[in-house]
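Numbered from 1 within each chain, the chains take letters A, B, ... in sequence-line order.
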Amino acid sequence: MAEFKILHSWDVTAEEAIKIQNELRGLVKIENLKKEIHYIAGADISFDKGSNIVYAGIIVLKFPELEEVDRSLVITEVNFPYIPGLLSFRESPALIKAWEKIKVEPDVVVIDGQGIAHPRRFGIASHFGVLIDKPTIGCAKSLLVGKYDEPGEKAGSYSYLYDSGEIIGAVLRTRDNVQPVFVSIGHKITLEESIKIILQNVRGFRIPEPTRQAHNLVNALRRGEIKPGEQRKPEQESLF
DNA sequence: GCGACAG
DNA sequence: ATCTTGTCGC
């Protein structure tokens, strides 16, 4: 059972949520990774159209092979609405429930959303990272806040994302001639390491494998193609 | 007051 | 995020 910290209630108003972000932002650590990466995870959420049912999932891949070694799926409900800047209060509760069931703890977690590239420098990747006390990287598909120059057209090129005179992330091209992704520090990592890791996890698609596979997983769960039941992929049969 | 605005 | 067919480009 992977552990996490309970630092506040999730049953809050938007005003209280902002207050919590301002109180917890100081806990985000920007530092070099302490250990080599052997396992990397991806986390994502899928929603039903007009209901408050959410499908959350976390997938753990062996690095650098990127083969699945663990998965955790959860179906629950949400009450907090989507409000730009407060995404964490809508999605984190479900992700925490999925995290509790993880057996193979990853060395870093990639989250679909911003890290410190946030108005209060506390996007979902940072918030979740502080709660599980693990290195996290924010990898979003679009901009929340900041300004940047368009990065080069080639895969691997990037430009920095600025806000109030500070670098808050990077705008990274993961494939030639495709829309870039927005990478930012979540927790316990540096921006340089975050960019490098995201690139090492790209396998021909714009979205890096951890979040891409997590996204596929929660969508399959929502469509009823798979069940939350069997948490882990079947063990390999022993050869003798 | 007018835009911008992760998923 | 989700609703959706065909279509443009590599």
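When rounded to the nearest whole Å, the span between CD of Gln179(A) and P of dC10(C) equals 15 Å. In this structure, CD1 of Ile53(A) is placed 15 Å from C1' of dT2(C), rounded to the nearest angstrom. Regarding Tyr55(A), its OH atom lies at a distance of 11 Å from the P atom of dT2(C), rounded to whole Å. Put simply, NZ on Lys49(A) is 10 Å from C1' on dT4(C), counting in whole angstrom units.
The closest side-chain heavy-atom distance from Ile197(A) to Ile37(A) is below 4.5 Å. Under the 4.5 Å side-chain criterion, counting only non-hydrogen atoms from C-beta, Arg206(A) is in contact with Gln179(A). Here the side chains of Tyr160(A) and Ile168(A) are not in contact, with every heavy-atom distance at 4.5 Å or above. The shortest distance between side-chain heavy atoms of Phe4(A) and Asp133(A) does not fall below 4.5 Å.
Taking a 6.0 Å sphere around CZ of Phe47(A), one finds it holds more than 12 heavy atoms contributed by other residues, nucleotides or ligands.
The line from CD1 of Ile226(A) to CZ of Arg71(A) is 5.5 Å long, rounded to the nearest 0.5 Å. Rounding to the nearest 0.5 angstrom, the gap separating the CG atom in Asn201(A) from the OG1 atom in Thr174(A) is 11.5 Å.
When heavy atoms are screened at a 4.0 angstrom cut-off, Arg222(A) is found touching the sugar-phosphate backbone but no base atom.
Outside the 6.0 Å centre-distance limit, the rings of Phe80(A) and Trp10(A) are not counted as a close aromatic pair.
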Going 5' to 3' along nucleotides 2-7 of chain B, which nucleotides have protein heavy atoms under 4.0 Å from the base (write B), which only from the sugar-phosphate (write S), and which from neither (write -)? ---BBB
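Helical stems in DNA chain B, defined as runs of 3 or more consecutive Watson-Crick or G-U wobble pairs with both donor-acceptor distances under 3.5 Å, are not found.
Phosphate contact (OP1/OP2 of dT2(C), side-chain N/O of Asn219(A), threshold under 4.0 Å): present.
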